[in-house]
Number of protein chains: 2
Amino acid sequence: MEASVLLDAAQTVFAQHGVEGSSLRAIARAAGCDPALIYYHFEHKEAMFQALLERKFSALLPDLESAVAGPRPLKERLAETLRVFARHLKDDAGFRALIRGQAVQGAEPIKTTLAAFLRRLQGLIWNLLEEGVASGELRRDLPVPLAGFFLVRTYLEMLDLFPAMGPHFLPMPVPEALERGEQAWIDFFWRGASAPEESR
Amino acid sequence: MEASVLLDAAQTVFAQHGVEGSSLRAIARAAGCDPALIYYHFEHKEAMFQALLERKFSALLPDLESAVAGPRPLKERLAETLRVFARHLKDDAGFRALIRGQAVQGAEPIKTTLAAFLRRLQGLIWNLLEEGVASGELRRDLPVPLAGFFLVRTYLEMLDLFPAMGPHFLPMPVPEALERGEQAWIDFFWRGASAPEESR
DNA sequence: GGGGAAATTCAACGCCAGATGAAATAGTCT
DNA sequence: AGACTATTTCATCTGGCGTTGAATTTCCCC
């Protein structure tokens, strides 16, 4: 049995119960094997979670690099960046909640893995925003690191919370809210970030 | 022993390990009592978590109501709303990660409690934003539910993620990042939400 | 078919968990 | 002091847990 089958099972169980709420026996049951096999492939549960993170991010980053590249208008590339997140993470709210839970209080090795990914992600976003500032499309005083944070984190919050909580507080069906929310956020972000007309 | 002592212990343990990763025996150890006492005060672990949520939100809502009231300028009241969140939640990142984890995949009773709180919170924020639209300060086409979401969730993301991950990706110390981030977000939000000059 | 390596299962250990009924202790009122 | 209620602990039950060494099975190559 390949490690990836175990990781598939782990992702399902982790997403539902969290890392600490998931037992290796539960993961083995989900994978259809003996718990001891997990120890053959991974040192311990946390190493398994780490491998999951790396698998997920390894799939995401190339698409991000494609999204920010090329001659298309800046706003469109920013929007495409968000859509890459949606494609990779949209159906993984439970897992994403887990990742940020680990970001807040996880073990140092996990934080280190997340940080390495964050720096690469940051680099892509910041370069894009700095390119916009240099070209005059974005305002000169835009705090690029913070703006990058706003761009991505607000959008990911929608992806996470609309499906789970949207029915309780959104005045429209969740799929419509996600679609309108995406466009609204891109427009809103653009208004917040773009240079005033008179300075172009 | 009052229930509130048990809830204090529960908050500490839940914040570190999550609801499922926290055992009643661990909470009892943190409180310095026998696990059976927890059953005397609460039906089960989830009921305990629910009581924690209600305790937290009961403390937060009155301050929010004060923050949005009064004759002060709209932008200042929006900013004060965010500061209320900071005062109540700033040192509770672990617990907040837990809350949103539960928002994403928690049991229905917990989601119902969260939803009830969200609706009250929404009501306050939306009224404030709608007041701004009516007065002409905010743009007429502002999607108020989505804008309210952006306002609060982006700020809470900073509160959660800057302390834990900021050293890995922010080009400044975390306390400074939080301070500048707060002001940057308020300004950014204002640019995204306010009406164009020519339509005032 | 045989040898060797890789993969998988089995059995076991000690410990922890949720939950409960009964017993003991503490507090309050008369 | 006694009655009663509230609080707290104790002991127990059943089931699950992480982890490991040994045994078994499977796979691959000659």
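Source: prediction; values computed, not measured. Chain identifiers are assigned alphabetically (A, B, ...) following the order of the sequence lines, protein sequences preceding nucleic acid strands; residue numbering begins at 1 within each chain.
Between Ser23(B) and dA17(C) there is a side-chain polar atom (N or O) within less than 4.0 angstrom of OP1 or OP2. Between Tyr39(B) and the phosphate of dA19(C), there is a side-chain N or O to OP1/OP2 separation shorter than 4.0 Å.
Considering all non-hydrogen atoms of both residues, Arg139(A) and Val133(A) come closest at O-CG2, 3.7 Å.
Atom CG in Leu6(A) sits roughly 12 Å away from atom P in dA7(C) (whole-Å rounding). Rounded to whole angstrom, the span from the CD1 atom of Ile38(A) across to the P atom of dT20(D) amounts to 13 Å. For the pair Tyr40(A) OH and dT24(D) C1', the computed distance is 14 Å after rounding to whole Å. The interatomic distance linking Glu2(B) (CD) with dA6(D) (P) rounds to 15 Å, in whole Å. As rounded to whole Å, 12 Å separates atom C1' of dA19(C) from atom CD of Glu43(B). Straight-line distance from the CE atom of Met48(A) to the P atom of dT19(D): 12 Å, rounded to whole Å.
Judged as a ring pair (Phe, Tyr, Trp, His ring centres under 6.0 Å), and not counting sequence neighbours, the contacts of Phe57(B) are Phe117(B).
Distances from the side chain of Lys45(A) to the nucleotides dG18(D), dG18(C), dA6(D) place dG18(D) closest. Which of dT9(C), dA6(D), dT9(D) sits closest to the side chain of Leu37(B) comes down to dT9(D).
In summary, the side chains of Gln183(A) and Asp187(A) do present a donor paired with an acceptor at a separation below 3.5 Å, with no hydrogens or angles considered. With no hydrogens or angles considered, no side-chain donor-acceptor pair links Glu130(A) and Trp126(A) at under 3.5 Å.
The stretch residues 24-35 of chain B touches DNA chain D through Cys33(B), Asp34(B), each having a heavy atom within less than 4.0 Å of the strand.
Taking the six-membered ring for Trp, Phe162(B) and Phe149(A) have ring centres closer than 6.0 Å.
Ring geometry for Phe14(B) against Phe49(B) counts as perpendicular: the plane angle is over 60°, on a 0 to 90° scale with 30° as the lower cut.
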